[in-house]
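Okay, so here's the structure we're looking at.
Whatever order the structure lists them in is the order used to number ligands and atoms, beginning at 1.
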Amino acid sequence: MNEVCRVVGRLAPSPTGALHLGNARSFLLAWLSVRSRDGRIIMRMEDLDHPKVKPQAAQQALDDLHWLGLDWDEGPELGGDNAPYVQTQRAGLYREALEQLQSAGLVYPCICSRRDVENAQSAPQEGEDAVYYAGTCRGRFDSYAAARDLLPEGRLPAWRFRVAEGSICFDDGFCGRCCEDVAGSRGDFVLARHEYGAGYMLAVVVDDAAMGVTEVLRGDDLLPATFRQLLIYRALGLMPPEFVHVPLVVGPDGRRLAKRHGDTRIAALRAAGVSAERIIGLLAYWCGWAEQGEELRAEQLLTRFDLKSLNPKPVVFTSNG
Ligand code: GLU
């Protein structure tokens with residue numbers, strides 16, 4: 001196949017906790033979407049979120065995904081043309097992008113809300129992403145140093161992205177046309193927590209563009225983040241990928257599947273003797289592509305994969321299956 005036309009997807013786990021049935025389903029869909037079109041898959045470890053990163057979680061995620069039958073062409077253990085594949089090793093690229101935005105006057109130093117800055121370090125999850133920023137520090141400082149002088153020892157100003165007025169739209173591969181007026185709904189958002197750092201929004205854009213990713217398929221909890229990412233693509237003069245946001249698996253309370261809903265970690269199910277085929281069968285059943293109780297290997301789903309038949313409602317997990 002012509003390399004130029006080949007789909008390039010990525011699996012981008014954050015080593016902040018164990019892989020569970022919910023994120024496994026999103027990874028399976030991302031894998032199927034690319035592999036069913038003979039595309040390439042990149043594995044990237046999104047470990048920027050230092051306080052929440054757990055030792056062993058990165059290796060465990062790779063092991064769990066392999067055990068489930070997913071594979072990739074490039075990644076931390078395999079190497080490849082786009083190395084390194086671990087975000088903490090890619091700081092130089094984020095710094096260059098930040099400098100480009102600084103020179104263009106598209107970011108400004110900010111000394112507000114520590115919590116906002118901390119949250120910006122990782123992909124926004126439920127309840128962390130609702131903040132609206134009124135632009136208090138916009139136009140306030142002539143330089144980064146001037147902002148730093150106002151902060152106590154040990155605290156550094158963040159960099160915020162200056163959001164222009166107006167709506168930004170994209171055509172989602174599953175959800176259709178989506179638009180948001182980021183200036184009105186969220187305001188200027190945090191890109192980096194210190195002078196040369198990078199938070200999730202900047203890092204994910206820089207990496208997807210640098211790695212030549214053409215399709216980002218992920219849970220729809222990240223759909224709202226996409227508008228901000230598109231603003232960054234535009235500001236850096238980069239070409240965005242196709243975005244496909246799929247429904248999440250939620251607990252009976254309607255919230256994203258998590259520990260409170262019981263132990264659905266892949267490693268725990270494996271340790272309890274549940275087979276990978278049984279788990280893939282369950283994930284496929286949730287998608288509407290298998291009978292209840294069917295046991296399947298991931299590759300057997302390549303011919304059943306069809307986003308058009310994927311149920312648009314969130315899957316509700318109950319512990320009795
Ligand atoms: N690493 C992020 C997460 O696990 C996903 C980032 C993305 O798909 O954009 O939540």
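Remark: the backbone N or O of G184 is paired with a side-chain donor or acceptor of D181 at under 3.5 angstrom.
Ion pairing between E195 and R148 holds under the 4.0 Å rule for side-chain N and carboxylate O. Under 4.0 Å is where a charged nitrogen must lie from a carboxylate oxygen, and between R186 and E180 at least one such pair does.
Taken together, C178 and C169 fail the criterion of an SG-SG distance shorter than 2.5 Å.
Contacts of L222 with ligand 1, taken as heavy-atom pairs under 4.0 Å, involve the side chain alone. By the criterion of a heavy-atom distance under 4.0 Å, both the backbone and the side chain of S14 are placed next to ligand 1.
For atom 10 (O) of ligand 1, the nearest protein heavy atom (residue, atom name, distance) is A123 CB, 3.5 Å.
Residue contacts with ligand 1: Q229 is excluded, as none of its non-hydrogen atoms falls under 4.0 Å.
A donor and an acceptor atom, one from each side chain of T136 and R140, are nowhere located under 3.5 Å apart.
Taking a cut-off of under 4.0 Å to the non-hydrogen atoms of R10, the atoms of ligand 1 that pass are 7 (C), 8 (O), 9 (O). Every atom of ligand 1 with a heavy atom of V204 under 4.0 Å away is listed here by number and element: 9 (O).
Of the polar atoms of A12, at least one N or O is found under 3.5 Å from an N or O of ligand 1, judged by distance alone.
In this structure, the ring of Y108 has its center no less than 6.0 angstrom from the ring center of W159.
Of the options E46, H245, R218, M45, the smallest heavy-atom separation from atom 1 (N) of ligand 1 is shown by E46.
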